[in-house]
Amino acid sequence: MTRLSHYLLPTEREAPADAEAVSHKLMVRAGLVRQVGAGLWTWLPAGWRVHQKIVAIIREEMDAIGGQELLMPLLQPADAWRRTGRYGVDELFKLRDRKEAEMVLAMTHEEAVTTHAAGMIRSYRDLPQTVYQFQVKERDEARPRAGVLRTREFVMKDSYSFDRDAQGLDLSYDRHAEAYAKIFDRCGIVWYRALADVGLMYGRESGEYMAPCAAGENDVVIGPNGYVANLEVASADAVRVELPPALPEPEAVSTPDTDTIESLAAFLTLPAAALTKAFPVVKQLADGSEELVLILLRGDHRVNDVKLRRFFGSPFRQATAAEIADRIGPPGYLGPVGMRDPGVRVVLDAAIVAAPGGYVAGANRADTHLRGVQAGRDFTYELADLREVTAADTIGGEPIRIEPAIEVGNIFKLDDYYSAKLGANYLDANGVSRPVFMGSYGIGPARVAAAAVEQFADTAGISWPRAIAPFDVHLVSLGKPGSPERELADDLYERLAGLRLDVIYDDRDAGAGEKFADAELLGCPLRVTVSRRGLAAGELEVQRRRGAEMTTVPIDGAAEAVAALWRTLP
RNA sequence: CGGGGAGUGGCGCAGUCUGGUAGCGCACCCGGCUGGGGGCCGGGCGGUCGCAGGUUCAAAUCCUGUCUCCCCGACCA
């Protein structure tokens, strides 16, 4: 019998002073987690029950698509990480053993699993395979934050698929996508699958599973017809803008002390969208060479770094003041026409040419801008979608939303990136050696829990989806030990447990208010109250946590009635 | 990594400017009352004031160094 009088559930009336996120405050207050250090958390018994319920759901769905559970070590030799090029990653914890051998604490397990694949998979007959584990990951985060949302150590479900070729990988990837949809639906959270950046090191395709919530660190763009994309990669139609007519040729305008878009717009009494913003960057190529590029955007738009990096296919940095002065013009008055070095490459954001008319651009001379500038006629350019979507944009004429969200899972097509580097090859039916095609798929159970807290909390506390609540029923007994209502509660506990419900039984010698407040804080889907009052009336009070609706059930057959009600809950 | 803030009993805080016996609320322990929204009365326990060094007759308080934690941003294979 799980009695609250003997259960380690240290609830707090007040949240930690330094907590900001709702999930951080409530998970601490409800006695689910306690902090050990920055980004390092202990899961207390009730919190661990939530975590393990999420794990159980994931395990069932991974098994359902043929996943095979295994366990790989957290502590690993550095060698494989050097070979995949990931040893230099800042977030990777590095250490030495007593023999001074270089070791790492794994942040994921591609190196280990691919090394195993290289040793165990020989023939096309050995493929496909999918393995998975629940294992701790270690990341030396620059800034852990928001309770268990962003930590340095956390359990991840990571799975890895091995296929003969890209088509096989596509199937494994799709099967994971189906499993993930079931997992997040079963966990009862609101989620989106978003288009995502694959990063520089990765292959073809990836998806991010995003749970919208206020504490989210990512922004997702949600449009019509199921369009959902991470803001990093999202595209949309910019707000239309009325432009001044194009002039036969650019015309210089004196614009003293207008080196910001705001001041220039005010000076010319034009909307910011009728101006152009010049953003000089330096593309950094793998061979160490660099190239100065001028990015041109509408005045009301911002550069999206991820899009620009993808466009270049390489990292970039902002140009230095010296580089700008030498080859373009004075800061605040940059533009594509009349650059000191006319050979500087100009890349135009697609939103600029979407509207006809003449733009204003810097003249590359102090205190001077040009009016009536037309791309193509006045300068040569390349076109690319490089701007960050704004909430005012539309898609197909429909409005969009931008919501903060937390990434609870992701799926990647790695192709042969790791297998090629670590020699994971097999012989095909013709005896030809080929690299294994891999996929990598993660879910963070802690983030699923935190997202559920964020999404459903109210002023009284947490409101768990029933599938991942620490307990199904919070049984509250009022009255003194030894009283008839206590005896009834004891009996009810056994009956509910007999119906395979998980019950937490508040048998403490405490006031009703305290017990109710703790029950609402902990957030189990049903609260059942046994009291003298109810006993006299022959009924029990049942409160649904979500919405706080009260009902009563007759004492006779109460357990069955509670179980039936529980099955109807979200 | 840049900026800002904070370390005083389990939690939340005051005291630091202006050096002089370490306090408050909650929690906790004991006794009693109460028993449907964190109730009441009485009596208690608990703190090397993050750490180290210095100044001083005397340091939570002043000085130096250091560690840790939080928030915003950058970053986030």
Side-chain angles (χ1 to χ4, degrees), chain A residues 8 10-21 24-25 28-29 31 34-41 81 84-93 104 106-111 137-147 149-152 154 156 158 196-203 206 208 215-218 230 232 305-306 309 315 317-318 406-407 410 412 414 417-418 421 440 442 444 459-461 476-483 485-486 506 508-521 527-537 540-541 543 548 550 552:
Chain A
L8 186 62
T11 57
E12 297 287 346
R13 191 179 299 212
E14 295 181 79
D18 46 29
E20 200 62 36
H24 183 186
K25 291 178 182 171
V28 172
R29 283 191 57 210
R34 278 287 168 99
Q35 185 170 22
V36 173
L40 300 169
W41 291 82
W81 291 77
T84 59
R86 295 213 295 177
Y87 190 70
V89 172
D90 288 337
E91 281 71 27
L92 184 66
F93 275 108
V104 304
M107 42 198 277
T108 61
H109 282 74
E110 278 85 1
E111 280 76 5
K137 306 296 179 224
E138 303 285 342
R139 297 186 185 181
D140 193 358
E141 290 285 353
R143 180 150 111 78
R145 65 172 149 202
L149 276 183
R150 186 169 199 78
T151 56
R152 293 195 288 181
F154 58 96
M156 178 187 265
D158 46 326
D197 180 33
V198 293
L200 277 183
M201 290 174 72
Y202 289 111
S206 71
E208 287 176 339
E217 299 183 294
N218 300 95
N230 191 311
E232 292 176 345
D305 290 357
V306 172
R309 196 180 67 197
R317 61 171 172 82
Q318 291 201 7
I406 173 157
E407 183 182 357
N410 56 45
F412 281 105
L414 301 175
Y417 182 88
Y418 289 94
K421 288 184 162 54
S440 160
T459 53
V476 173
S477 169
L478 303 180
K480 287 192 254 270
S483 62
E485 51 268 34
R486 285 296 175 103
D506 193 347
R508 296 174 301 172
D509 186 16
E514 199 171 337
K515 292 185 176 189
F516 293 155
D518 275 350
E520 280 149 16
L521 182 57
R527 185 184 83 204
V528 176
T529 307
V530 183
S531 69
R532 190 165 57 188
R533 214 164 70 184
L535 202 58
L540 304 175
E541 179 189 277
Q543 186 201 53
M550 300 275 199
T552 55

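Note: hydrogens, waters and symmetry copies are ignored here, and every other heavy atom, side chains too, is used. In what follows, every chain begins at residue 1, and chains take the letters A, B, ... in the order their sequences are listed. The structure presented is a predicted model; accordingly, all values stated were derived computationally and were not measured.
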With B for base contact, S for sugar-phosphate-only contact and - for none (protein heavy atoms under 4.0 Å), nucleotides 37-43 of chain B reads BB-----

Separation of B:rC70 atom P from A:R145 atom CZ, nearest Å, is 12 Å

Using Watson-Crick geometry (N1-N3 plus N6-O4 or O6-N4) or G-U wobble (N1-O2, O6-N3), each under 3.5 Å, B:rG47 is paired with none

For A:E138, the side-chain contact (heavy atoms from CB on, under 4.5 Å) test, sequence neighbours excluded, returns A:L74, A:F93, A:L105, A:V136, A:E153

Rounded to whole Å, CD of A:E91 lies from C1' of B:rC1 at a distance of 12 Å

Which of B:rG35, B:rA77, B:rC69 is nearest the side chain of A:A38? It is B:rC69

### Query
Under 3.5 Å, is there a donor-acceptor pair linking the side chains of A:E110 and A:T84?
no

Integer angstrom distance from the C1' of B:rG20 to that of B:rA58: 7 Å

Distance, P atom - from B:rG31 to B:rA22, rounded to whole angstrom: 32 Å

When rounded to the nearest Å, what value does the distance between C1' atoms of B:rG19 and B:rC49 take?
15 Å

- Euclidean distance for C1', B:rC24 against B:rU8 (whole angstrom): 12 Å

Separation of B:rC69 atom C1' from A:W41 atom CH2, nearest Å, is 11 Å

query = Which value, in whole Å, describes the distance between the P atoms of nucleotides B:rC67 and B:rC28?
reply = 38 Å

So, A:T108 and A:D158: side-chain donor and acceptor under 3.5 Å apart, yes or no? no

Practice item. Have a look at A:N218 and say if it touches a base, only the backbone sugar-phosphate, or nothing, with a 4.0 Å heavy-atom cut-off. Key: nothing

Rounded to whole Å, the CZ-P distance (A:R34 to B:rC69) equals 17 Å

Mate of B:rG73 across any strand shown (Watson-Crick or G-U wobble, both atom pairs under 3.5 Å) is B:rC1

**Message:** Just to be sure I understand the rule, does A:A146 reach a base, reach only the sugar-phosphate, or reach nothing, if contact means heavy atoms closer than 4.0 Å?
**Reply:** sugar-phosphate

Across all chains, not counting sequence neighbours, the salt bridge (charged side-chain N to carboxylate O under 4.0 Å, His left out) partners of A:E485 are none

Can A:R34 and A:E12 be counted as an ion pair, charged N to O under 4.0 angstrom? yes

In Watson-Crick or G-U wobble terms, with both distances under 3.5 Å, the base opposite B:rC11 is B:rG25

Hits for ring pair (Phe, Tyr, Trp, His ring centres under 6.0 Å) against A:H24, two or more places apart or cross-chain, chain-then-number order -> A:W41

With the side chain defined as heavy atoms from C-beta on, A:D509 is closest, among B:rG35, B:rC71, B:rA77, to B:rG35

For a quick check of understanding: with a heavy-atom distance under 4.0 Å over all strands, which category does A:P16 fall into, base, sugar-phosphate or nothing?
sugar-phosphate

Taking a pair to mean Watson-Crick or G-U wobble geometry with both distances below 3.5 Å, B:rG53 pairs with B:rC63

Taken to the nearest whole Å, CD/A:E20 to P/B:rG5 is 16 Å

Result for 5'-nearest mapping on RNA chain B, choosing between A:Q35 and A:E141, is A:Q35

A:R152 CZ to B:rC70 C1', in whole Å, measures 13 Å

By side-chain hydrogen bond (donor to acceptor under 3.5 Å, both in side chains), A:S477 pairs with (sequence neighbours left out) A:R486

_Please report the distance separating the P of B:rG4 from the corresponding atom of B:rA77, rounded so that it comes out in whole Å._
28 Å

Sorted by chain and number, sequence neighbours left out, side-chain contact (heavy atoms from CB on, under 4.5 Å) with A:A512 holds for A:L478, A:F516

Answer with base, sugar-phosphate or nothing: what part of the nucleic acid does A:A15 contact at a heavy-atom distance below 4.0 Å? sugar-phosphate

Contacts of A:E14 and A:A21 projected onto RNA chain B by closest heavy atom; the upstream (5') one is A:E14

*On a whole-Å scale, what distance lies between the P atoms belonging to B:rU61 and B:rU56?*
16 Å

Distance check, C1' atoms only: B:rC57 and B:rC62, in whole angstrom units.
16 Å

query: Hey, does A:R143 reach any base, or is it just sugar-phosphate, or nothing, if we go heavy atoms under 4.0 Å?
result: base

To the nearest angstrom, the CZ-C1' distance between A:R486 and B:rG35 comes to 11 Å

In whole angstroms, the gap separating C1' of B:rA77 from CE of A:M156 amounts to 10 Å

**Q.** Pair A:E520 + A:R527, salt bridge at N-O below 4.0 Å
**A.** yes

Mate of B:rG38 across any strand shown (Watson-Crick or G-U wobble, both atom pairs under 3.5 Å) is none

